[in-house]
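Since the structure comes first, as C-alpha coordinates, the remarks are kept for the end.
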2 protein chains.
Amino acid sequence: MADLYLALLHYPVYDKDRKVVTTSITNMDIHDIARSARTYGVKRYFVVTPVRTLQALAEKILDHWQEGYGSTYNETRKDALALVTLSNDLDSTVQAIQHETGERPHLVATSAHTGTRRTTFTEVRRRVEEAGPPLLLMLGTGWGLTEEVLERADDILEPIKGVGTYNHLSVRAAAAILLDRLRGAR
Amino acid sequence: MADLYLALLHYPVYDKDRKVVTTSITNMDIHDIARSARTYGVKRYFVVTPVRTLQALAEKILDHWQEGYGSTYNETRKDALALVTLSNDLDSTVQAIQHETGERPHLVATSAHTGTRRTTFTEVRRRVEEAGPPLLLMLGTGWGLTEEVLERADDILEPIKGVGTYNHLSVRAAAAILLDRLRGAR
(Lines give C-alpha, C1' and ligand atoms only; values in the text may rest on other atoms or scores of the structure.)
Protein backbone atom coordinates (compact mmCIF):
# COMPACT_ATOMS: atom_id res chain seq x y z
CA MET A 1 0.00 0.00 0.00
CA ALA A 2 1.32 3.47 -0.90
CA ASP A 3 1.75 6.02 1.89
CA LEU A 4 -1.21 8.37 1.90
CA TYR A 5 -0.96 12.03 2.95
CA LEU A 6 -3.70 14.63 3.14
CA ALA A 7 -3.50 18.42 2.83
CA LEU A 8 -6.24 20.92 3.57
CA LEU A 9 -5.39 24.13 1.73
CA HIS A 10 -6.61 27.48 3.08
CA TYR A 11 -4.80 29.22 0.23
CA PRO A 12 -5.05 29.51 -2.74
CA VAL A 13 -8.79 28.80 -2.88
CA TYR A 14 -11.83 30.49 -4.40
CA ASP A 15 -14.55 32.31 -2.52
CA LYS A 16 -18.17 32.19 -3.71
CA ASP A 17 -17.47 34.90 -6.31
CA ARG A 18 -14.44 32.98 -7.62
CA LYS A 19 -11.97 35.43 -6.14
CA VAL A 20 -8.72 33.88 -4.87
CA VAL A 21 -8.68 34.15 -1.07
CA THR A 22 -7.16 32.80 2.14
CA THR A 23 -9.78 31.19 4.38
CA SER A 24 -9.63 30.96 8.13
CA ILE A 25 -8.58 27.82 9.98
CA THR A 26 -11.51 26.25 11.84
CA ASN A 27 -11.43 24.02 14.86
CA MET A 28 -13.91 21.57 13.32
CA ASP A 29 -11.88 21.10 10.12
CA ILE A 30 -8.84 20.15 12.16
CA HIS A 31 -10.69 17.71 14.43
CA ASP A 32 -13.04 16.01 12.00
CA ILE A 33 -10.52 15.51 9.24
CA ALA A 34 -7.84 14.33 11.70
CA ARG A 35 -10.23 11.67 13.02
CA SER A 36 -11.11 10.56 9.47
CA ALA A 37 -7.41 10.55 8.54
CA ARG A 38 -6.61 8.40 11.57
CA THR A 39 -9.43 5.99 10.69
CA TYR A 40 -8.09 5.44 7.19
CA GLY A 41 -4.39 5.15 8.00
CA VAL A 42 -3.27 8.51 6.61
CA LYS A 43 0.40 9.16 7.52
CA ARG A 44 0.08 12.89 8.09
CA TYR A 45 -2.60 15.54 7.74
CA PHE A 46 -1.21 18.92 6.68
CA VAL A 47 -3.17 22.03 7.60
CA VAL A 48 -1.85 24.57 5.11
CA THR A 49 -2.01 28.33 5.62
CA PRO A 50 0.43 31.17 5.03
CA VAL A 51 -1.09 33.21 7.88
CA ARG A 52 1.10 33.05 10.99
CA THR A 53 -1.62 34.11 13.43
CA LEU A 54 -3.87 31.31 12.17
CA GLN A 55 -1.01 28.85 12.55
CA ALA A 56 -0.67 30.05 16.14
CA LEU A 57 -4.40 29.46 16.69
CA ALA A 58 -4.10 25.95 15.31
CA GLU A 59 -1.10 25.29 17.54
CA LYS A 60 -3.12 26.33 20.56
CA ILE A 61 -5.89 23.87 19.64
CA LEU A 62 -3.37 21.10 19.08
CA ASP A 63 -1.56 21.82 22.36
CA HIS A 64 -4.79 21.56 24.31
CA TRP A 65 -5.40 18.04 23.01
CA GLN A 66 -1.79 16.91 22.85
CA GLU A 67 -0.44 18.24 26.12
CA GLY A 68 -3.20 20.05 27.99
CA TYR A 69 -6.43 18.95 29.65
CA GLY A 70 -7.78 17.39 26.46
CA SER A 71 -4.96 14.85 26.26
CA THR A 72 -6.21 12.96 29.30
CA TYR A 73 -9.91 13.77 28.84
CA ASN A 74 -10.03 12.14 25.42
CA GLU A 75 -7.12 10.00 24.29
CA THR A 76 -8.67 9.04 20.96
CA ARG A 77 -8.66 12.72 20.04
CA LYS A 78 -4.98 12.92 20.96
CA ASP A 79 -4.24 9.96 18.66
CA ALA A 80 -5.99 11.67 15.78
CA LEU A 81 -4.48 15.12 16.28
CA ALA A 82 -0.98 13.62 16.42
CA LEU A 83 -1.29 13.36 12.61
CA VAL A 84 -1.74 17.11 12.15
CA THR A 85 1.20 19.13 10.81
CA LEU A 86 1.03 22.85 10.12
CA SER A 87 2.49 24.00 6.85
CA ASN A 88 2.95 27.34 5.05
CA ASP A 89 2.15 26.32 1.50
CA LEU A 90 1.95 23.47 -0.98
CA ASP A 91 5.69 23.62 -1.80
CA SER A 92 6.81 23.10 1.78
CA THR A 93 4.19 20.36 2.19
CA VAL A 94 5.59 18.49 -0.81
CA GLN A 95 9.13 18.99 0.52
CA ALA A 96 8.16 17.63 3.96
CA ILE A 97 6.78 14.45 2.38
CA GLN A 98 9.83 14.12 0.14
CA HIS A 99 12.03 14.51 3.20
CA GLU A 100 10.03 11.87 5.12
CA THR A 101 9.74 9.26 2.36
CA GLY A 102 12.65 10.01 0.04
CA GLU A 103 10.24 10.33 -2.88
CA ARG A 104 8.33 13.13 -4.56
CA PRO A 105 4.62 12.57 -3.77
CA HIS A 106 2.09 11.98 -6.51
CA LEU A 107 -0.29 14.97 -6.26
CA VAL A 108 -4.02 14.24 -6.37
CA ALA A 109 -6.30 17.28 -6.39
CA THR A 110 -9.99 17.11 -5.53
CA SER A 111 -12.80 19.15 -7.02
CA ALA A 112 -16.59 19.27 -6.78
CA HIS A 113 -16.75 19.93 -10.51
CA THR A 114 -16.45 17.78 -13.60
CA GLY A 115 -13.88 18.87 -16.18
CA THR A 116 -11.68 17.76 -19.03
CA ARG A 117 -8.98 16.05 -17.00
CA ARG A 118 -10.47 13.82 -14.31
CA THR A 119 -9.27 10.51 -12.90
CA THR A 120 -11.77 7.96 -11.57
CA PHE A 121 -11.89 6.79 -7.97
CA THR A 122 -11.15 3.26 -9.21
CA GLU A 123 -7.89 4.40 -10.83
CA VAL A 124 -6.71 6.39 -7.81
CA ARG A 125 -7.71 3.55 -5.48
CA ARG A 126 -5.57 1.18 -7.56
CA ARG A 127 -2.65 3.57 -7.15
CA VAL A 128 -3.26 3.73 -3.37
CA GLU A 129 -3.23 -0.07 -3.18
CA GLU A 130 0.03 -0.41 -5.12
CA ALA A 131 3.49 -0.07 -3.59
CA GLY A 132 4.23 3.11 -5.53
CA PRO A 133 5.33 6.62 -4.49
CA PRO A 134 3.46 8.39 -1.66
CA LEU A 135 0.21 10.12 -2.58
CA LEU A 136 -0.82 13.58 -1.44
CA LEU A 137 -4.58 14.13 -1.51
CA MET A 138 -5.28 17.88 -1.69
CA LEU A 139 -8.54 19.40 -0.48
CA GLY A 140 -9.58 23.03 -0.76
CA THR A 141 -11.54 25.06 1.77
CA GLY A 142 -13.94 27.83 0.71
CA TRP A 143 -15.27 27.22 -2.80
CA GLY A 144 -12.41 24.91 -3.72
CA LEU A 145 -8.85 24.72 -5.04
CA THR A 146 -7.83 27.24 -7.68
CA GLU A 147 -7.08 26.31 -11.30
CA GLU A 148 -3.40 26.90 -10.55
CA VAL A 149 -3.42 24.06 -7.98
CA LEU A 150 -5.47 21.78 -10.24
CA GLU A 151 -2.96 22.32 -13.06
CA ARG A 152 -0.09 21.42 -10.79
CA ALA A 153 -1.71 18.11 -9.78
CA ASP A 154 -0.72 14.82 -11.40
CA ASP A 155 -4.34 13.70 -11.13
CA ILE A 156 -7.62 15.50 -10.54
CA LEU A 157 -10.04 13.14 -8.85
CA GLU A 158 -13.55 12.99 -10.32
CA PRO A 159 -16.20 14.71 -8.17
CA ILE A 160 -18.15 12.74 -5.58
CA LYS A 161 -21.55 11.94 -7.03
CA GLY A 162 -24.60 11.30 -4.91
CA VAL A 163 -28.14 11.35 -6.23
CA GLY A 164 -28.89 14.28 -8.53
CA THR A 165 -26.77 17.35 -9.18
CA TYR A 166 -26.33 18.97 -5.75
CA ASN A 167 -22.56 19.19 -5.12
CA HIS A 168 -22.13 21.19 -1.94
CA LEU A 169 -20.75 18.74 0.59
CA SER A 170 -18.79 20.23 3.47
CA VAL A 171 -15.03 19.74 3.15
CA ARG A 172 -15.24 17.55 6.27
CA ALA A 173 -17.83 15.28 4.66
CA ALA A 174 -15.95 15.24 1.35
CA ALA A 175 -12.70 14.26 3.09
CA ALA A 176 -14.44 11.39 4.87
CA ILE A 177 -16.05 10.06 1.70
CA LEU A 178 -12.83 10.39 -0.34
CA LEU A 179 -10.84 8.43 2.23
CA ASP A 180 -13.52 5.76 2.45
CA ARG A 181 -13.68 5.39 -1.34
CA LEU A 182 -9.90 5.20 -1.63
CA ARG A 183 -9.07 3.13 1.44
CA GLY A 184 -12.24 1.78 3.07
CA ALA A 185 -12.50 -1.97 3.68
CA ARG A 186 -14.43 -3.51 0.76
CA MET B 1 -35.57 3.25 -4.81
CA ALA B 2 -36.93 3.28 -1.23
CA ASP B 3 -37.43 6.64 0.47
CA LEU B 4 -34.50 7.33 2.77
CA TYR B 5 -34.80 9.30 6.01
CA LEU B 6 -32.11 10.23 8.50
CA ALA B 7 -32.36 10.94 12.22
CA LEU B 8 -29.65 12.37 14.47
CA LEU B 9 -30.53 11.44 18.04
CA HIS B 10 -29.38 13.66 20.91
CA TYR B 11 -31.18 11.36 23.35
CA PRO B 12 -30.90 8.57 24.42
CA VAL B 13 -27.14 8.30 23.80
CA TYR B 14 -24.11 7.34 25.87
CA ASP B 15 -21.45 9.68 27.16
CA LYS B 16 -17.81 8.55 27.42
CA ASP B 17 -18.53 6.77 30.71
CA ARG B 18 -21.52 4.96 29.18
CA LYS B 19 -24.04 6.98 31.12
CA VAL B 20 -27.28 7.75 29.24
CA VAL B 21 -27.36 11.47 28.49
CA THR B 22 -28.90 14.17 26.30
CA THR B 23 -26.28 15.94 24.18
CA SER B 24 -26.46 19.50 22.94
CA ILE B 25 -27.48 20.43 19.42
CA THR B 26 -24.55 21.85 17.44
CA ASN B 27 -24.64 24.16 14.47
CA MET B 28 -22.11 22.06 12.56
CA ASP B 29 -24.10 18.81 12.93
CA ILE B 30 -27.15 20.49 11.45
CA HIS B 31 -25.29 22.05 8.52
CA ASP B 32 -22.88 19.28 7.57
CA ILE B 33 -25.36 16.44 7.78
CA ALA B 34 -28.05 18.47 5.97
CA ARG B 35 -25.63 19.05 3.07
CA SER B 36 -24.71 15.35 2.95
CA ALA B 37 -28.39 14.40 3.15
CA ARG B 38 -29.20 16.73 0.26
CA THR B 39 -26.33 15.28 -1.79
CA TYR B 40 -27.62 11.73 -1.39
CA GLY B 41 -31.33 12.40 -1.94
CA VAL B 42 -32.49 11.93 1.67
CA LYS B 43 -36.18 12.94 2.02
CA ARG B 44 -35.92 14.49 5.45
CA TYR B 45 -33.27 14.89 8.13
CA PHE B 46 -34.70 14.74 11.66
CA VAL B 47 -32.79 16.50 14.42
CA VAL B 48 -34.12 14.75 17.51
CA THR B 49 -34.01 16.27 20.99
CA PRO B 50 -36.50 16.41 23.86
CA VAL B 51 -35.04 19.74 25.09
CA ARG B 52 -37.26 22.65 24.08
CA THR B 53 -34.59 25.33 24.48
CA LEU B 54 -32.28 23.41 22.14
CA GLN B 55 -35.10 23.06 19.64
CA ALA B 56 -35.52 26.83 19.84
CA LEU B 57 -31.78 27.28 19.16
CA ALA B 58 -32.00 24.99 16.14
CA GLU B 59 -35.03 26.91 14.87
CA LYS B 60 -33.07 30.14 15.09
CA ILE B 61 -30.25 28.65 13.01
CA LEU B 62 -32.73 27.32 10.45
CA ASP B 63 -34.59 30.63 10.24
CA HIS B 64 -31.38 32.51 9.50
CA TRP B 65 -30.69 30.31 6.46
CA GLN B 66 -34.30 29.78 5.37
CA GLU B 67 -35.72 33.28 5.75
CA GLY B 68 -33.01 35.60 7.03
CA TYR B 69 -29.78 36.97 5.56
CA GLY B 70 -28.37 33.50 4.93
CA SER B 71 -31.16 32.58 2.50
CA THR B 72 -29.90 35.02 -0.13
CA TYR B 73 -26.21 34.87 0.83
CA ASN B 74 -26.00 31.13 0.19
CA GLU B 75 -28.88 29.41 -1.60
CA THR B 76 -27.27 25.98 -1.61
CA ARG B 77 -27.31 26.08 2.18
CA LYS B 78 -31.01 26.95 2.08
CA ASP B 79 -31.67 23.93 -0.17
CA ALA B 80 -29.92 21.64 2.29
CA LEU B 81 -31.48 23.04 5.45
CA ALA B 82 -34.97 22.71 3.94
CA LEU B 83 -34.60 18.97 4.71
CA VAL B 84 -34.20 19.54 8.45
CA THR B 85 -37.15 18.76 10.72
CA LEU B 86 -37.03 19.09 14.49
CA SER B 87 -38.47 16.24 16.46
CA ASN B 88 -38.97 15.37 20.16
CA ASP B 89 -38.11 11.70 20.12
CA LEU B 90 -37.85 8.55 18.05
CA ASP B 91 -41.57 7.75 18.36
CA SER B 92 -42.72 11.04 16.90
CA THR B 93 -40.07 10.73 14.17
CA VAL B 94 -41.42 7.32 13.16
CA GLN B 95 -44.97 8.70 13.25
CA ALA B 96 -44.03 11.65 11.03
CA ILE B 97 -42.58 9.29 8.40
CA GLN B 98 -45.60 7.01 8.65
CA HIS B 99 -47.84 10.03 8.16
CA GLU B 100 -45.83 11.21 5.15
CA THR B 101 -45.46 7.87 3.36
CA GLY B 102 -48.36 5.80 4.68
CA GLU B 103 -45.92 3.10 5.79
CA ARG B 104 -44.03 2.25 8.96
CA PRO B 105 -40.33 2.91 8.26
CA HIS B 106 -37.75 0.14 8.46
CA LEU B 107 -35.42 1.22 11.29
CA VAL B 108 -31.68 0.98 10.67
CA ALA B 109 -29.44 1.78 13.62
CA THR B 110 -25.75 2.62 13.27
CA SER B 111 -22.95 1.79 15.67
CA ALA B 112 -19.16 2.11 15.75
CA HIS B 113 -18.98 -1.31 17.40
CA THR B 114 -19.22 -4.87 16.17
CA GLY B 115 -21.77 -7.10 17.86
CA THR B 116 -23.93 -10.17 17.53
CA ARG B 117 -26.63 -8.72 15.32
CA ARG B 118 -25.13 -6.70 12.46
CA THR B 119 -26.31 -6.25 8.88
CA THR B 120 -23.78 -5.62 6.09
CA PHE B 121 -23.69 -2.46 4.00
CA THR B 122 -24.37 -4.61 0.92
CA GLU B 123 -27.63 -5.90 2.41
CA VAL B 124 -28.86 -2.48 3.52
CA ARG B 125 -27.86 -0.97 0.16
CA ARG B 126 -29.96 -3.65 -1.57
CA ARG B 127 -32.91 -2.65 0.57
CA VAL B 128 -32.35 1.03 -0.26
CA GLU B 129 -32.31 0.20 -3.98
CA GLU B 130 -35.55 -1.79 -3.83
CA ALA B 131 -39.03 -0.27 -3.95
CA GLY B 132 -39.79 -1.32 -0.37
CA PRO B 133 -40.95 0.62 2.71
CA PRO B 134 -39.14 3.83 3.70
CA LEU B 135 -35.89 3.46 5.64
CA LEU B 136 -34.92 5.49 8.67
CA LEU B 137 -31.18 5.62 9.27
CA MET B 138 -30.52 6.46 12.94
CA LEU B 139 -27.29 8.08 14.12
CA GLY B 140 -26.31 8.82 17.69
CA THR B 141 -24.40 11.82 18.98
CA GLY B 142 -22.01 11.58 21.96
CA TRP B 143 -20.65 8.05 22.37
CA GLY B 144 -23.46 6.50 20.33
CA LEU B 145 -27.00 5.14 20.46
CA THR B 146 -28.03 3.25 23.60
CA GLU B 147 -28.73 -0.50 23.66
CA GLU B 148 -32.42 0.32 23.97
CA VAL B 149 -32.40 2.05 20.55
CA LEU B 150 -30.29 -0.72 18.98
CA GLU B 151 -32.78 -3.32 20.23
CA ARG B 152 -35.66 -1.42 18.73
CA ALA B 153 -34.01 -1.31 15.29
CA ASP B 154 -34.94 -3.77 12.52
CA ASP B 155 -31.31 -3.76 11.42
CA ILE B 156 -28.05 -2.66 13.03
CA LEU B 157 -25.61 -1.62 10.33
CA GLU B 158 -22.09 -3.04 10.62
CA PRO B 159 -19.49 -0.46 11.73
CA ILE B 160 -17.52 1.54 9.16
CA LYS B 161 -14.10 -0.04 8.83
CA GLY B 162 -11.09 1.90 7.67
CA VAL B 163 -7.52 0.70 8.11
CA GLY B 164 -6.77 -0.71 11.56
CA THR B 165 -8.93 -0.56 14.68
CA TYR B 166 -9.43 3.17 15.31
CA ASN B 167 -13.22 3.77 15.31
CA HIS B 168 -13.72 7.38 16.37
CA LEU B 169 -15.09 9.12 13.32
CA SER B 170 -17.10 12.27 13.97
CA VAL B 171 -20.84 11.78 13.54
CA ARG B 172 -20.65 14.21 10.59
CA ALA B 173 -18.00 12.08 8.86
CA ALA B 174 -19.85 8.86 9.69
CA ALA B 175 -23.11 10.22 8.25
CA ALA B 176 -21.33 11.20 5.03
CA ILE B 177 -19.67 7.80 4.61
CA LEU B 178 -22.87 5.88 5.44
CA LEU B 179 -24.86 7.80 2.84
CA ASP B 180 -22.14 7.34 0.24
CA ARG B 181 -21.94 3.59 0.89
CA LEU B 182 -25.73 3.20 0.76
CA ARG B 183 -26.55 5.59 -2.07
CA GLY B 184 -23.40 6.86 -3.77
CA ALA B 185 -23.07 6.45 -7.55
CA ARG B 186 -21.09 3.26 -8.23
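So that the names make sense, note that chain A is the first sequence line, chain B the second, and so on, each numbered from 1.
The number of heavy-atom neighbours closer than 6.0 Å to CZ of A:Arg52, taken from other residues, nucleotides and ligands shown, is 12 or below. Applying the 6.0 Å contact sphere to CZ of B:Arg127 captures no more than 12 heavy atoms from other residues, nucleotides or ligands. The number of heavy atoms from other shown groups lying within 6.0 Å of CZ (B:Phe121) is above 12. Open room surrounds CD on B:Glu75; 12 or fewer heavy atoms of other groups in view lie less than 6.0 Å from it.
Formation of a donor-acceptor pair under 3.5 Å by the A:Tyr166 side chain with backbone atoms of B:Thr76 is found in this model.
The OG1 atom of A:Thr39 sits 7.0 Å away from the CD1 atom of B:Ile177 when rounded to the nearest 0.5 Å. Considering CE of A:Met28 and NE2 of B:His31, their distance stands at 11.5 Å, rounded to 0.5 Å.
Ranking A:Gly164, A:Ser170, A:Gly184 against chain B, the residue ahead of the rest is A:Ser170, based on heavy-atom pairs under 4.5 Å. Top candidate by heavy-atom pairs under 4.5 Å with chain A, chosen from B:Gly41, B:Ala176, B:Ala34, is B:Ala176.
B:Tyr11 and B:Leu54 are assigned to two separate hydrophobic clusters, defined by single-linkage of ILVMFWY side chains at heavy-atom distances under 4.5 Å. When the side chains of ILVMFWY residues are joined at heavy-atom separations under 4.5 Å, either directly or via intervening members, B:Leu182 and B:Tyr45 end up in a single hydrophobic cluster. Using a 4.5 Å cut-off between side-chain heavy atoms of Ile, Leu, Val, Met, Phe, Trp and Tyr, with links allowed through other members, A:Val42 and A:Leu62 fall into the same hydrophobic cluster. Note on B:Val171 and B:Val21: separate hydrophobic clusters, where clusters join Ile, Leu, Val, Met, Phe, Trp and Tyr whose side-chain heavy atoms are under 4.5 Å apart, directly or indirectly. Two different hydrophobic clusters hold A:Tyr5 and A:Val124 under the rule that ILVMFWY side chains link at heavy-atom gaps under 4.5 Å.
Both the backbone and the side chain of B:Tyr73 come within less than 4.5 Å of a heavy atom of chain A. In this structure, chain B has heavy atoms under 4.5 Å from both the backbone and the side chain of A:Ala80. If you measure heavy-atom distances from A:Ile160 to chain B, the contacts under 4.5 Å come from the side chain alone. In this structure, chain A has a heavy atom under 4.5 Å from the side chain of B:Asp79, while its backbone stays farther away. At a 4.5 Å heavy-atom cutoff, B:Leu179 makes no contact with chain A through either its backbone or its side chain.
When side chains are defined from C-beta on, B:Arg181 counts as touching A:Asp180, because their heavy atoms get closer than 4.5 Å. The closest side-chain heavy-atom distance from B:Leu169 to A:Arg35 is not below 4.5 Å. With a 4.5 Å cut-off on side-chain heavy atoms, B:His168 and A:Arg77 do not count as touching.
Judged by the 6.0 Å and 45° rule, A:Lys161 forms no cation-pi pair with B:Tyr40.
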